[in-house]
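Only a predicted model underlies this, so the values are computations on that prediction, with no experimental measurement involved.
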Amino acid sequence: MIEKTYQPKTFESDLYKWWMKQGYFTPKAESDKPYFSMVTPPPNITGQLHLGHGLDNAIQDTLIRFKRMQGYNTLWLPGTDHASIATEVKIVEQLKKEGVDKRDLGRESFLERAWAWKDKYGGRIVEQLKRLGSSCDWSRLAFTMDENCSKAVRKAFVSMYKKGLIYRGSRIINWCPACKTALSDAEVEYSEQDGHFWHYGYTTPDGKTTVTFATTRPETMLGDTAVAVNPNDERYKHLVGKTVVVPFVNREIPVIADEYVDMEFGTGVVKITPAHDPNDFEVGVRHNLPVIRVMNDDGTMNENAGEFAGLDRYEARKRIVAKLGEMGILQKTEPHKHNVGSCYRCHTTVEPIVSKQWFVKMEPLAKPAIEAVKNGEIRFHPERFEKTYFNWMENIKDWCVSRQLWWGHRIPVWYCGDCGAEICEETDPTVCPNCGGKHLHQDEDVLDTWFSSALWPFSTLGFTENSKDFKAFFPTSVLSCGYDIIFFWVARMIFSSLYNTGKVPFSDVLMHGIVRDEQGRKMSKSLGNGIDPVEFIDKYGTDTLRFALINGVANGSDIRFSSDKIEGTRNFMNKVWNASRFVLMNCEGKSLVSVKDCNLSIADKWILTKLNEVTKQVTELLEKFELGMAAQCMYDFVWSEFCDWYIELTKPVLYGSDDAARRDTLSVLAYVLDNILRLLHPFAPFITEEIYQSMPNRGESIMIERYPEYNSEYCFSEDFKLVEELKELIAKIRNVRSEYGVAPSKRIRLYVDASDVRIKQCGVYLAKLCNLEDVVYSNALQGEKTVKTVTSAAVCEVPLGDLVDTEKETERITKELENVKNEIARASGKLNNQGFLAKAPANLVESEKTKLAKYKELQTQLENRLKELR
RNA sequence: GGAGGCAUAGCUCAGUCGGUUAGAGCGCUCGCUUCACAUGCGAGAGGUCGUAGGUUCGAAUCCUACUGUCUCUACCA
C-alpha cells in the first residue's frame, strides 16, 4: 500500500537506482524489434544544469519511455561536450585567481588541468541529469573528446581536407581580443550601442581637394589603403585615380571606384581598411590593395600605428579624434547608434581582423543538406523552423573552424620546417613525405567545438569502426533541442552526416522553446534569474517539474515558468496519488476478476469507453510529437473524468451491499487505474512506478510494461451517451441546489419525468451525487412548490417549498429559454442555408438536425414551465 | 535591410484537416471539515478571438493590408 501523503522525495531516487540496476535503460544492439534511437544534445562540461536542460530531458525521456513501452528497441545516448572556448575561459579564470597565466603553465600542463576539470564537472552534470529521471543508457555515455569522437573528427577533417572542402586562408574573421581567438559568425552577439560618427577627410598631396567621409572607428584609418566612391557618382568622377594622404602615417592612397559604395549614404565616400573590415577586405581583393594590420591580437595598436603604437584601441581612438580636432581636420562629430558585435563568451567587443584561419567550404555541403529537408527525409516539428533553416543554409558563408585555443581537437595538419609542405593524414606523420625532412610541427590551433558536435549522432555510435551500435541505431530517429541552436548544431549535423555517412543523421527534429522567468525574461547569469531544476526537484519532485514543463505547451513556443504553474502541477500529482490510494484501499484484501468476466454497470461501460478514446488520442498525439497536448489530455481525463465522475459513481456500489457488483466495480477501477498509470508513465515516471508497485496483479516494473492500446471490445456508445446525459442532469440539479441556497447536507426529494427511460436505471447515481432523499419517477404532486430543471433526457422537479421564488424562477427560466432560442436560431439558420445543405458533409448536417430537435424539445419544456409560473 | 513568431477571459496560455454553444490553469464571487484528496469538493461570473478587407455554404483557424509586440539574421562606412 502506498503512503498516505504524496512525498516524491521518499521514493524517486531509490526507484531510479533500481531501474539502473535492472538495466532497463540499456538496449542490446542485436534485436529483432524495430529500433528507436536518439542522442542527447550534450551539455557543456562548464556547468550547471538549467531549466532548459530540464525541458529538453523531459521531452526526450517522455518519447523514449513511450517508444520503449510500445515495444521498440530503444537507445537514448547521453554525453557531454568539451565546449572548447567556454571551458577554456573558465579554466583561465580559475588560473588567474591563482595568479597563473596560461602561457606560463604551458600547453601540456594546461590540458592536464582541463581534463581534471572535465572529470569533476562532467561527472557532476551527469549526476544532475539523473535527477531528471532520464532513462538514457549511461553505459554508453560519450564525450566529444573521447576516442570514438576524436577518431571521427580526424577522419572527417582529413577527408574534407583532401577533397578541398577545408582550406586555409587569410580572411577577415571576428577576433576576440580578450579570449585571443577567432570566433565564428555564430559566436558573435550584436547589440545596439551609442557611438559616434566622426566626419573628416583626406586631402590630395597638392592640398587642393579634400574628400570627406564619416567613420565610426577612426583608429582604423592608420591601416587605410584607399578611399572609395561609387563609379557612377558624378561628384567624385574626376577624383578617381588620384591620390590622397592619410594623416599621421602620411601614406598616399588611391581614390578608387567600387560598386559597393552607396551614393545615397553619407557623403558617398568610404575609407577602405582591408585589414579591419570585412567589406573593405573584399574591396581590397578586387582592387589589389595592400592589407595593413594596425592592431595586435590583444586589441592594442601595433607598430604600423606609428605614434599610437602600444595604445589600447579605444585610447588610440580618443587620441586620434583629439588630434584630428587640433589639426582642424575633424569637421563634425555626431552621435550614432550602431550594432556592435561582442564575444558570446566574455562579451568583449570583437574586432574584425584579417588573419590566417582554417575554413570549411560551405556551398557544396549545404546543397544536399537543403535537399534532405526539402524532400522530407528530415522533418522539423513544428514545420515553420524549416524556413529558418533554409534561410540560413541558402545564405551560408564559409565556416571558420580554427580557434586559437588549447582545449579541443587540435587541427591535424603538420608543416614541414624544411620544405614548407603541409601534411594532413589520418595518422600522425613523422617525416615529411615531400622532402623526407624531420622538422615537422603541428598546427597550434584547435577546432571549433561545434565541429565535433556536428558529428555527434554517428561519432558516438562508433561510425569509424562501423560498429554494431552504428549499424543497429543509425540514422537516429528523433533529435530534440531548442530552436536557438538550429544553426550552431542541427544544420551542421545534417550536412556533416550527409557528407561523412551518406545518410541523414535523424528523420525528425523536434524543436522546443526557451524557458523564461515569470516576467518573460530569458534566464541568464547576469540577471541572476536562472533556476536550478534541482531546487524544484527537491521541493516538488521530478514528476511535477517535468509535467509542468510539458503540459499544454505547444512545440517550439517559449515557456514562461511560474510558481503558480508548478504548484498546480503538484496538485495534479497529488490528485493522482490520492485517487490511486482510493482504489488501492478499496481493493485491499479483495479478489478481483478480469474485466471481460465482469457484469459491467453503465458507469463502468462509460469509463471504459472514455479510457479507450483517451488511449487512442494520447497515442496519436505522442506519435505526432504533440507532447503538450497529450499531457493535457491525460490531465483532463484523470481529474475531470476519472476522479470527478467515475470514482464518485463507484461509491454507491463500493459502499453498497451487493458483493458481486462491488467485486466487478473494483476490478474495473483497478483496470482503469492500471491503464492510467501506464499512459502517464512516460510523462511522470516516478509516481506511476511507485503506485504501480502496489497494484494487484502487477508486473516487474511499469517501465517495461506495454503501452495501452485501443480495445474495440470496450466501446459502449449507447451507455456512454446515457452517462453523459446523466452528468448533465446532475449538474443541473446541483445548480438548482446552489442557486437556491439549499445546504449541501440537506437531503431532498427529486421528481423525474424521463423522456429517456434509461435514466430510471440511474437512480442510485442521482441520489448519491445530488444528495437526494429519494427519487420519484413522476411529476410532482399537484400544488407542491417546485423548481424545475430540464435536459433533453428528463424534466426534473425539486420540491423546495417556501424557498421557491416565482419571480427568481421566471427569471432563471427566461434566461435559459433565451439561450435555447439563440441555439435554435443558429442551427436553423444553418439548415435553411442551401449552400450548407449542398456542400457541408452529411454527418455535420445530421448533427445539426439532431441538435435542433433537441433544442426545440427543450424550448417546449421551458415554455410550459413559464406558463405554469404565471 | 532580410526572415519568422505572437496578438484568444483580469493573468499565463491551449485550440490538430476551416464546421464544438471558443477551452484550461491561476485569479475572482458564492457555498461546503461529504468516510481518496482543503494540494480538496460543488456552483458561478468573465471573451465582438488586435483592426480592416477578401476567399468560403461556413473563418479564432486560410489569404491580403495595417497596427502593436517579440525573436532570429545582416552589419551601410
Side-chain angles (χ1 to χ4, degrees), chain A residues 4-6 185-186 188 190 197 213-217 220 228 260-262 264-273 277-280 338-341 352 384-385 387-388 390-392 395 483-484 486-487 513-514 518 520 522 551-554 556-562 564-565 567-586 620-621 624 626 628-629 632 635-636 640 643-644 647-648 651 655 731 734-739 741-745 768-769 771 819-820 822-823 826-827 830 833-841 843-844 847-848 851 855:
Chain A
K4 185 163 190 326
T5 52
Y6 169 55
D185 292 340
V188 178
Y190 289 89
F197 247 148
F213 48 78
T215 179
T216 55
R217 294 189 301 155
T220 61
Y260 155 68
V261 182
D262 180 356
E264 311 295 320
F265 191 86
T267 59
V269 180
V270 184
K271 66 186 222 25
I272 301 295
T273 324
D277 183 281
N279 291 304
D280 292 6
H338 59 149
N339 269 329
V340 178
R384 67 169 184 274
F385 289 107
K387 290 185 204 162
T388 314
F390 291 136
N391 197 14
W392 192 65
N395 299 297
Y483 62 74
D484 51 335
I486 292 179
F487 307 140
I514 293 165
E518 216 143 354
K522 216 168 165 168
N551 187 22
V553 176
S557 64
D558 289 353
I559 299 166
R560 205 177 278 220
F561 201 76
S562 65
D564 276 356
K565 199 176 228 169
E567 278 181 14
T569 311
R570 188 266 322 265
N571 295 352
F572 173 66
M573 291 302 157
N574 191 55
K575 192 78 183 173
V576 171
W577 187 265
N578 281 297
S580 304
R581 211 157 59 85
F582 172 83
V583 176
L584 294 172
M585 270 165 51
N586 281 290
E620 281 172 3
L621 287 167
K624 286 194 288 183
E626 297 281 0
M629 267 195 253
Q632 180 85 256
Y635 182 100
D636 292 340
S640 312
C643 294
D644 287 352
I647 284 185
E648 295 307 317
K651 285 178 181 174
Y655 303 146
R734 283 170 169 176
N735 174 268
V736 167
R737 288 189 66 128
S738 181
E739 292 271 301
V742 180
S745 53
K768 175 74 185 169
L769 274 68
N771 197 20
N819 273 338
V820 169
N822 283 340
E823 282 311 306
R826 193 193 53 79
K830 275 193 176 179
N833 182 332
Q834 288 310 310
F836 179 74
L837 293 177
K839 295 190 181 173
N843 62 326
L844 210 68
S847 89
E848 283 303 326
K851 275 187 225 167
Y855 289 124

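Within the nucleic acid shown, A/Phe213 has no heavy atom closer than 4.0 Å to any nucleic acid atom. Residue A/Met573 is classed as having no contact, given no heavy-atom separation below 4.0 Å to the nucleic acid. The residue A/Phe390 sits apart from the nucleic acid: no heavy atom pair falls under 4.0 Å. Within the nucleic acid shown, A/Asp277 comes within 4.0 Å of sugar-phosphate atoms alone, with no base atom in reach, counting heavy atoms only. Using a 4.0 Å heavy-atom distance criterion, A/Asp262 is classed as a base contact. Residue-level contact check: A/Ala838 touches neither bases nor backbone, having no heavy atom under 4.0 Å from any strand. When heavy atoms are screened at a 4.0 angstrom cut-off, A/Lys839 is found touching base atoms of the nucleic acid. Residue contacts for A/Pro278: at a heavy-atom cut-off of 4.0 Å it reaches no nucleic acid atom on any strand shown. Using a 4.0 Å heavy-atom distance criterion, A/Ser557 is classed as a sugar-phosphate-only contact.
Computed from coordinates, the A/Arg384 CZ to B/C72 P distance equals 14 Å when rounded to whole Å. Atom-to-atom, OH of A/Tyr483 to P of B/C6 comes out at 12 Å; the value is rounded to the nearest Å. Computed from coordinates, the A/Phe265 CZ to B/A77 C1' distance equals 6 Å when rounded to whole Å. Rounded to whole angstrom, the span from the CG atom of A/Asn395 across to the P atom of B/C72 amounts to 18 Å. Between A/Tyr635 atom OH and B/G23 atom C1' the separation is 13 Å, expressed in whole Å. Following rounding to the nearest Å, A/Arg560 (CZ) and B/A14 (C1') show an atom-to-atom distance of 16 Å. Spacing between atom CE of A/Met629 and atom C1' of B/A24 amounts to 13 Å, rounded to whole angstrom units.
Side-chain atoms of A/Ile486 and A/Trp392, non-hydrogen and from C-beta on, never get closer than 4.5 Å to each other. Taking 4.5 Å as the limit, every side-chain heavy atom of A/Asn578 sits out of range of all side-chain heavy atoms of A/Tyr6.
No hydrogens or angles considered: nothing links the side chains of A/Tyr655 and A/Asn586 as a donor-acceptor pair under 3.5 Å.
Going from the C1' atom of B/A60 to that of B/C17 covers 16 Å, rounded to whole Å. Nucleotides B/A14 and B/U8, compared at atom P, are 11 Å apart to the nearest Å. Spacing between B/C11 and B/G53 at atom P, rounded to whole Å, works out to 26 Å. To the nearest whole angstrom, the two C1' atoms, one in B/U67 and one in B/U21, are 32 Å apart. Comparing B/G40 with B/G25, their P atoms are spaced 11 Å from each other, to the whole Å. Spacing of P atoms, B/A36 relative to B/G42, comes out at 14 Å, to the nearest Å. B/A59 and B/U20 have their C1' atoms separated by 14 Å, with the value rounded to a whole Å. B/U34 sits 33 Å from B/G10 when the C1' atoms are compared, rounded to a whole Å.
Nucleotide B/C72: paired with B/G2 (Watson-Crick or G-U wobble, both distances less than 3.5 Å). Summarising the base pairing, B/A24 is matched to B/U12 through a Watson-Crick or G-U wobble pair whose two defining distances lie under 3.5 Å. Base pairing annotation: B/C41 forms a Watson-Crick or G-U wobble pair with B/G31, both donor-acceptor distances under 3.5 Å. The partner of B/U51 is B/A65, judged by Watson-Crick or G-U wobble contacts that both fall below 3.5 Å.
Glycosidic conformation of B/C17: syn, with the torsion inside 90° of 0.
Nucleotides of RNA chain B nearest to A/Tyr190 and A/Ala840 differ in position, and the one nearer the 5' end is that of A/Ala840. Along RNA chain B, the nucleotide closest to A/Lys624 and the one closest to A/Phe487 are compared, and the more 5′ of them pairs with A/Lys624.
Heavy atoms only, all atoms of each residue included: A/Lys4 and A/Arg581 are closest at O-NE, 3.2 Å. Minimum heavy-atom separation, A/Pro744 to A/Asn771: O-ND2, 2.9 Å.
Panel note: side chain A/Thr220, backbone A/Arg217; a donor-acceptor pair is recorded below 3.5 Å. Judged purely by atom type and a 3.5 angstrom limit, A/Asn551 uses its side chain to pair as donor or acceptor with the backbone of A/Gln632. Under a 3.5 Å cut-off, the side chain of A/Asp558 and the backbone N or O of A/Ile514 do form a donor-acceptor pair.
For the pairing with A/Glu739, the side-chain contact (heavy atoms from CB on, under 4.5 Å) check across A/Val742, A/Val736, A/Asn735 returns one residue only, A/Asn735.
The side chain of A/Glu823 approaches B/U21 more closely than any other nucleotide in the set B/G19, B/U21, B/U16.
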Under the salt bridge (Lys or Arg N to Asp or Glu O under 4.0 Å) criterion, do A/Lys565 and A/Glu518 qualify, and how do the steps go? CA-CA 10 Å; A/Lys565 199 176 228 169; A/Glu518 216 143 354; over 6 Å; no
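Phosphate proximity of B/U21 to A/Arg826: present, with a side-chain N or O under 4.0 Å from OP1 or OP2. When the side-chain nitrogen and oxygen atoms of A/Arg217 are compared with OP1 and OP2 of B/A77, none of them lie within a distance under 4.0 Å.
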For nucleotides 34-42 of chain B, give me every protein contact, N/O to N/O, under 3.5 Å, one pair per line with atom names.
| residue | atom | partner | partner atom | Å |
| --- | --- | --- | --- | --- |
| B/A36 | OP2 | A/Tyr655 | OH | 2.6 |
| B/A36 | O2' | A/Asn578 | OD1 | 3.0 |
| B/A36 | O2' | A/Arg581 | NH2 | 2.7 |
| B/A36 | N6 | A/Cys643 | O | 3.4 |
| B/A36 | N6 | A/Glu648 | OE2 | 3.3 |
| B/A36 | N3 | A/Asn578 | O | 3.3 |
| B/A36 | N3 | A/Ala579 | N | 3.3 |
| B/C37 | O4' | A/Asn578 | OD1 | 3.2 |
| B/C37 | O2' | A/Asn574 | ND2 | 3.3 |
| B/C37 | O2 | A/Lys575 | NZ | 3.0 |
| B/C37 | N3 | A/Lys575 | NZ | 2.9 |
| B/U39 | O4' | A/Asn571 | OD1 | 3.0 |
| B/U39 | O2' | A/Asn574 | ND2 | 2.8 |
| B/U39 | O2 | A/Arg570 | NE | 3.3 |
| B/U39 | O2 | A/Asn574 | ND2 | 3.3 |
| B/G40 | OP1 | A/Asn571 | ND2 | 3.0 |
| B/G40 | O3' | A/Lys575 | NZ | 3.1 |
| B/C41 | OP1 | A/Lys575 | NZ | 2.7 |
| B/C41 | OP1 | A/Trp639 | NE1 | 2.9 |

